[in-house]
Amino acid sequence: MMKKLAIAGSAVVAVVLLSGFAFRGGHHGWGHNPERIKQMVSWKLNDKLDDIDATDAQRQSINAVKDRLFEEGAKLAQEQHAVRSEVVTQLESDKPDAQKLHALVDERIDAMRAFAHQATDAALEVHGTLTPEQRKELATEFRERTGMK
């Protein structure tokens, strides 16, 4: 049963990645402007850092992590736009190249996996920057927001 769920989950991820849904711009009124998105993320992050009384050193370190991760995410999104174009080209043809489409799925999954690992490393880096009290405050807020106990 777990193997079937994993396969179904992989198929959903592949479709989402190929369709470009995960990277589509324009949601939340941010438009397609990466700098605008980065500005919104920065505002939200800085508000959260205010909430936990982050020091200047913590702010500098955490914002550097955000900037680094944002650049990687923007690169991933640019790559996704090129992939979407290739998918459309393939699907417009009389004989789409199945091998090429499958290779694109594999490439996008590998890229997402690498980015997810970078995001995990970034989260661990931020974790090490925060005090136990700040981590507890964020964890409590997260639990309340998500309904976790």
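One-based numbering along the sequence shown. From a predicted model like this one, the values you see are computed outputs, not experimental measurements.
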*Atom CZ in Arg68, atom CD in Glu72: separation rounded to 0.5 Å?*
9.0 Å
*asked:* As an exercise, state the distance from NE2 of His127 to CG of Leu124, rounded to the nearest 0.5 Å.
replied: 8.0 Å
_Polar contact flag, side-chain donor to acceptor under 3.5 angstrom, Gln39-Glu35_ = no
*Would Leu45 end up clustered with Leu130 when hydrophobic side chains under 4.5 Å apart are linked, directly or stepwise?*
yes
*Hydrophobic cluster membership, Val126 vs Phe115, 4.5 Å side-chain cutoff*: no
4.5 Å side-chain heavy-atom contact, [X] and [Y]:
X: Val88; Y: Arg84; answer: no
X: Met112; Y: Ile109; answer: no
X: Leu138; Y: Asp51; answer: no
X: Glu137; Y: Thr131; answer: no

*Where do Asn46 and Arg59 come nearest, in terms of heavy atoms and distance?*
O-NH1, 3.8 Å
*Would you say Ser85's side chain and His81's backbone share a donor-acceptor pair under 3.5 angstrom?*
no
_Sidechain-backbone polar pair: Ser61 side chain, Gln58 backbone, donor-acceptor under 3.5 Å_ = no
*Evaluate the side chain to side chain contact (heavy atoms under 4.5 Å, CB included) criterion for residues Val65 and Thr129: first the C-alpha distance (whole Å), next the side-chain angles of each, then the deciding distance (0.1 Å), finally the verdict.*
CA-CA 11 Å; Val65 171; Thr129 303; over 6 Å; no
Without placing hydrogens or testing angles, list every side-chain donor-acceptor pair under 3.5 Å for residues 96-107, not counting sequence neighbours.
| from | atom 1 | to | atom 2 | distance (Å) |
| --- | --- | --- | --- | --- |
| Asp97 | OD1 | Gln99 | N | 3.1 |
| Asp97 | OD1 | Lys100 | N | 3.0 |

*Apply side chain to side chain contact (heavy atoms under 4.5 Å, CB included) to Asp67 and Lys38, showing your working.*
CA-CA 8 Å; Asp67 290 344; Lys38 187 175 182 179; 3.2 Å; yes
*Let me see the working for Lys48 and Lys44 under side chain to side chain contact (heavy atoms under 4.5 Å, CB included), right down to the final yes or no.*
CA-CA 6 Å; Lys48 189 54 58 194; Lys44 288 182 172 280; over 6 Å; no
*Is atom CG of Asp47 surrounded by more than 12 heavy atoms (other residues, nucleotides or ligands) closer than 6.0 Å?*
yes
